[in-house]
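Numbers here are sequence positions counted from 1. Since we're looking at a predicted model, the values are computed, not measured.
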Amino acid sequence: MPADTKPYSPLLRYPYAQADAALEALHEQNGGQSVTLEYTNPVTGGPAIPTITCQMTRVYPGGPTPSHRQTGGRIHTVFRGRGRSVIGGTEFEWGPGDVFVVPSWVPVEHEVTETADLFIGSDQAVLEALHLHREEELSERQKVTDVFTPRTGPEVPDAEPILRVGALAAPCLEGADR
C-alpha cells in the first residue's frame, strides 16, 4: 500500500508545544472563552486516527463557555488547569489528570479558574463518516440541579478485580503475589 493511502497518520507524536502555539494563535484570531484544535493526519487532512476525533480545547478564565451539545460521546482528560463543567445539569469540579465523560446530546459548559487545556477523544469521526454528526450551541446556560461528589473508597471493600472474556469470568492475577 503506498504511504499516502495508509488509514492512519504517519506522525507518531504531536508535540504539545505546537498545539500550545496553535491554540494561542486561534485565540488571538477568534477570541472567546474557548478555542479547539483537532489533531489531523497531515497527509489526508482527516482525523489522526480514522475512528476517533482527537482535539485539544483551551478554556480561558472570565466566565462560562456557551452551553453546547453534540451527537456522540466525548472523553475529556484535563491536561492542565482547574475548573468545573456542568454536564446535563450536574456540576463536576476537575483538575490536572482528571477524566470525565460527556454522553451523546447532553449539554456541557465549562468555566475555569485558570487557563485550562482539555484533551478530548470522541467518536465524531465515525459519526461524520456516517453523516450522523450534529451539534448545536444552546442559547441559555444550564441550571445546576446536582453536584457530583467523587467516591473516596472502593464501592465493594473486599471485591476482587474480574477479568471478563466472552461469557467467562475469572479473578485477575490469579495466583500472583499482590
Side-chain angles (χ1 to χ4, degrees), residues 9 11-42 46-128 132-155:
S9 175
L11 295 180
L12 298 176
R13 183 173 169 269
Y14 289 78
Y16 175 73
Q18 290 177 0
D20 181 46
L23 288 163
E24 282 306 310
L26 280 170
H27 189 251
E28 284 180 26
Q29 179 182 350
N30 301 326
Q33 284 306 118
S34 68
V35 292
T36 299
L37 70 82
E38 182 176 342
Y39 292 89
T40 60
N41 179 329
I49 303 170
T51 56
I52 302 173
T53 297
C54 299
Q55 301 171 315
M56 183 74 80
T57 293
R58 178 163 291 165
V59 184
Y60 295 91
T65 62
S67 192
H68 175 267
R69 65 182 177 179
Q70 69 183 54
T71 53
R74 291 166 282 162
I75 302 168
H76 293 66
T77 303
V78 182
F79 184 75
R80 72 173 183 140
R82 297 191 177 283
R84 71 180 191 99
S85 296
V86 179
I87 305 168
T90 300
E91 179 181 292
F92 295 81
E93 287 194 27
W94 44 258
D98 286 344
V99 176
F100 60 94
V101 175
V102 178
S104 182
W105 209 243
V106 174
V108 61
E109 57 196 57
H110 309 291
E111 188 168 11
V112 298
T113 54
E114 59 190 69
T115 300
D117 289 340
L118 306 172
F119 180 83
I120 303 167
S122 73
D123 51 3
Q124 181 176 333
V126 170
L127 293 170
E128 286 176 344
L132 296 174
H133 177 74
R134 304 287 183 271
E135 60 183 290
E136 72 177 355
E137 189 173 295
L138 304 174
S139 58
E140 295 183 17
R141 290 191 61 194
Q142 297 177 66
K143 179 180 178 186
V144 176
T145 57
D146 195 12
V147 176
F148 174 75
T149 304
R151 296 190 176 161
T152 57
E155 190 171 324

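Here the closest heavy-atom approach between residue A125 and residue P50 is recorded as CB-O, 3.5 Å. Residues G31 and V35 come closest through the heavy atom pair O-CG1, 4.1 Å. For the residue pair P66 and E109, the shortest heavy atom distance occurs at O-CB, 4.1 Å. Shown here for S122 and R74, the closest heavy-atom pair between the two residues is CB-CG, 3.5 Å.
More than 12 non-hydrogen atoms from other residues, nucleotides or ligands lie less than 6.0 angstrom from CG of L11.
In this structure H68 satisfies the side chain to side chain donor-acceptor pair (under 3.5 Å) test together with E135, sequence neighbours excluded. Contacts of V126 classified as side chain to side chain contact (heavy atoms under 4.5 Å, CB included), with partners at least two apart in sequence or in another chain: T51, L130. Judged as a side chain to side chain donor-acceptor pair (under 3.5 Å), and not counting sequence neighbours, the contacts of T57 are T36. The ring pair (Phe, Tyr, Trp, His ring centres under 6.0 Å) search around Y39 returns Y14, F119, not counting sequence neighbours. Legend: residues meeting salt bridge (Lys or Arg N to Asp or Glu O under 4.0 Å) with E38, ordered by chain and number and at least two apart, are absent. With sequence neighbours excluded, the residues forming a side chain to side chain contact (heavy atoms under 4.5 Å, CB included) with S104 are T71, listed by chain and number.
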Hey, can you pull the donor-acceptor pairs under 3.5 Å for the side chains in residues 82-89, sequence neighbours left out?
residue : atom : partner : partner atom : Å
R84     : NH1  : E91     : OE1          : 2.8
R84     : NH2  : E111    : OE1          : 3.3
S85     : OG   : W94     : NE1          : 2.8
S85     : OG   : H110    : ND1          : 2.6

Pairs of donor and acceptor atoms involving the side chains of residues 17-26, under 3.5 Å and at least two apart or interchain, shall be tabulated with distances.
residue : atom : partner : partner atom : Å
D20     : OD1  : R58     : NH1          : 3.0
D20     : OD1  : R58     : NH2          : 2.6
E24     : OE2  : R58     : NH1          : 2.7
E24     : OE2  : Y60     : OH           : 3.0

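Between D98 and H76 there is no side-chain heavy-atom pair separated by less than 4.5 Å. A 4.5 Å side-chain heavy-atom check between P61 and T115 finds at least one atom pair inside the cut-off. Contact of the D117 side chain with the Y16 side chain is registered, since non-hydrogen atoms from C-beta on lie closer than 4.5 Å.
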Inset, instruction - Apply ring pair (Phe, Tyr, Trp, His ring centres under 6.0 Å) to F100 and F148, showing your working. - result: CA-CA 11 Å; F100 60 94; F148 174 75; over 10 Å; no

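Atoms OG1 and CZ, from T149 and F92 in turn, are 10.0 Å apart once rounded to the nearest 0.5 Å. With rounding to the nearest 0.5 Å, the separation of CD in Q55 from CD1 in I120 is 5.5 Å. Here the CD1 atom belonging to I52 is positioned 9.0 Å from the CG atom belonging to D123, to the nearest 0.5 angstrom.
In terms of modelled atom types and a separation under 3.5 Å, the side chain of Q142 and the main chain of P107 share a donor-acceptor contact. Judged by distance alone, the side chain of H27 and the main-chain N or O of G32 form a donor-acceptor pair under 3.5 Å. Judged by distance alone, with hydrogens and angles left aside, the side-chain atoms of Q124 form no donor-acceptor pair with the main-chain N or O of G72 at under 3.5 Å.
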